[in-house]
Structures are given as structure tokens and as C-alpha cells.
Amino acid sequence: MNPTTQTPQTTGTMGLLSQLNRVVYRRATEDVLGIKLKQLIALEILAKNEGCLQQELGATLMVDPNNCVLLLNDLDEHGFVERRRDPQDRRRHIVAITAAGTKALAKAEAKLEELEGEVLANLDPTEREQLRDLLLRAMDGQDPNVDLGCG
């Protein structure tokens with residue numbers, strides 16, 4: 001048994017999910033995805049919600065307002081998002097994904113799917129689909145703020 005390739009089975013399901021998550025996060029670099037993972041997640045949220053308030057985006061991403069601004073500045077510099085004043089409250093900004101952001105997101109998601117295939121290579125396609133279905137079922141009824149919703 002090679003200790004670098006064998007995962008110890010001394011942890012529960014949540015521990016294994018966390019380990020698998022860390023494997024993906026380590027491999028999902030900017031070089032691989034074309035964008036940073038945090039940028040991908042922000043663009044997913046904006047695409048799913050057709051934009052949202054900057055404050056809600058920060059809360060959904062669980063980042064403080066300053067880090068949210070830094071993230072949005074970076075996305076804005078690449079032309080992936082646009083910010084405009086909320087007509088109801090000029091102190092707030094509405095953030096929306098641009099066509100360039102949608103294209104970058106699609107490219108990054110395709111790369112992430114390739115990475116998923118590598119990480120889950122020990123499972124056949126039926127097992128992967130079963131795993132996905134089980135995880136979806138486990139998420140059903142959970143706090144919607146943990147999902148990719150805004151607000």
C-alpha cells in the first residue's frame with residue numbers, strides 16, 4: 001500500500017467530502033481555470049441571479065465588504081462584471097455579469113468539469129451520476145443562503 005495514493009478510511013462522510021473538496025481546490029488554479037476559483041464562484045452567482053446587490057454578493061461569498069470590492073475590482077478590470085448604482089438607493093451598487101464574464105465563466109466551468117473527471121476517475125459514469133444525485137438530495141431543504149443564491 002502506497003501511503004501517498006491511498007486515502008485512509010478513518011474519517012466520516014463529511015471528512016471525506018472535505019478532503020475531496022481540498023483536492024479540487026488545490027488543482028483548480030488560475031492557470032488551469034483561466035480565472036481564480038473565487039472569481040468563478042462570483043460569476044456563477046451573478047449569472048444565476050442575473051446580477052445582484054454588491055452587499056448581497058459579499059454576504060453570499062462570505063467575504064467582508066473590502067474583500068468583495070477587491071474581488072469586483074479585479075473582475076471589472078477584466079471586463080467580466082459591471083457595477084451600476086441602484087436606482088432605488090444611489091449608495092448601493094448592482095453588479096451584473098458581462099458577455100466577457102459569461103464567456104470566461106463557460107471556459108472555466110468546462111475546465112472544472114475536466115478536473116472533476118480527473119478527481120473522480122476511480123468512479124465510472126454511473127457512479128458519478130449517482131454521487132451527484134445523492135449530493136443534490138442531501139442539499140435539498142438545506143439553508144438556501146449556502147447555495148449560489150444572492151441575498
Side-chain angles (χ1 to χ4, degrees), residues 1-83 95-151:
M1 180 168 96
N2 183 346
T4 60
T5 59
Q6 235 14 61
T7 301
Q9 300 299 314
T10 59
T11 187
T13 302
M14 292 299 118
L16 290 171
L17 282 172
S18 293
Q19 289 175 12
L20 194 59
N21 191 42
R22 284 192 300 274
V23 168
V24 171
Y25 274 89
R26 282 189 191 120
R27 293 186 184 181
T29 63
E30 187 173 1
D31 288 340
V32 171
L33 300 179
I35 60 176
K36 296 173 185 162
L37 195 55
K38 188 70 99 172
Q39 292 172 326
L40 180 140
I41 295 167
L43 292 175
E44 280 182 329
I45 293 166
L46 295 172
K48 179 181 178 188
N49 294 284
E50 297 180 14
C52 65
L53 291 174
Q54 182 171 313
Q55 183 178 6
E56 290 176 347
L57 178 63
T60 301
L61 291 170
M62 294 186 275
V63 297
D64 63 70
N66 187 53
N67 283 322
C68 185
V69 168
L70 293 173
L71 172 63
L72 290 174
N73 286 346
D74 196 29
L75 288 168
D76 195 18
E77 285 176 23
H78 288 89
F80 296 158
V81 299
E82 65 180 13
R83 289 178 272 193
V95 184
I97 191 169
T98 63
T102 301
K103 185 176 177 181
L105 175 60
K107 181 182 171 192
E109 286 177 329
K111 293 291 187 181
L112 196 55
E113 279 194 40
E114 287 177 27
L115 182 59
E116 179 182 311
E118 294 170 18
V119 171
L120 298 178
N122 292 334
L123 303 178
D124 66 41
T126 303
E127 291 171 323
R128 290 181 198 184
E129 189 169 330
Q130 184 180 21
L131 175 61
R132 186 179 190 287
D133 290 345
L134 289 169
L135 292 171
L136 282 171
R137 205 166 88 209
M139 281 300 299
D140 190 36
Q142 299 298 323
D143 181 356
N145 290 325
V146 175
D147 191 8
L148 292 179
C150 236

- Task: Can you tell me which residue pairs pass the salt bridge (Lys or Arg N to Asp or Glu O under 4.0 Å) test with a partner in residues 99-110, sequence neighbours excluded?
- Result: none
- Message: Give me each pair satisfying salt bridge (Lys or Arg N to Asp or Glu O under 4.0 Å) with a member in residues 12-23, each pair once, sequence neighbours excluded.
- Response: none
- Task: Output all residues satisfying side-chain contact (heavy atoms from CB on, under 4.5 Å) with A106, sequence neighbours left out; order by chain, then residue number.
- Result: none
Compile the donor-acceptor pairs under 3.5 Å between side chains in residues 23-35 and protein atoms, sequence neighbours left out, one pair per line.
{"unit_1": "T29", "atom_1": "OG1", "unit_2": "V32", "atom_2": "N", "d": "3.3"}

- Query: What are the two closest non-hydrogen atoms of L105 and A47, and how far apart are they?
  - Reply: CD2-CB, 3.8 Å
- Query: Taking only residues at least two apart or on different chains, which pairs with a member in residues 18-48 satisfy disulfide (SG to SG under 2.5 Å)?
  - Reply: none
- Query: Which ring pair (Phe, Tyr, Trp, His ring centres under 6.0 Å) pairs, counting each pair once, include a residue from residues 59-80, with sequence neighbours left out?
  - Reply: H78-F80
- Message: Within the 4.5 Å heavy-atom criterion, are L43 and T102 side-chain neighbours or not?
- Response: no
- Note on the structure: Quick note, side-chain hydrogen bond (donor to acceptor under 3.5 Å, both in side chains) partners involving residues 62-72, not counting sequence neighbours, are D64-N67
Side-chain donor-acceptor contacts of residues 127-140 below 3.5 Å, not counting sequence neighbours, with atom names and distances?
{"unit_1": "E127", "atom_1": "OE1", "unit_2": "D124", "atom_2": "N", "d": "2.8"}
{"unit_1": "R128", "atom_1": "NE", "unit_2": "L120", "atom_2": "O", "d": "3.2"}
{"unit_1": "R128", "atom_1": "NE", "unit_2": "L123", "atom_2": "O", "d": "3.2"}
{"unit_1": "R128", "atom_1": "NH2", "unit_2": "G117", "atom_2": "O", "d": "3.4"}
{"unit_1": "R128", "atom_1": "NH2", "unit_2": "L120", "atom_2": "O", "d": "3.2"}

- Which pairs pass salt bridge (Lys or Arg N to Asp or Glu O under 4.0 Å) with one or both residues in residues 65-83, sequence neighbours excluded? K36-D74, D76-R83
- Item | Residue pairs involving residues 34-71 (criterion disulfide (SG to SG under 2.5 Å); sequence neighbours excluded) | C52-C150
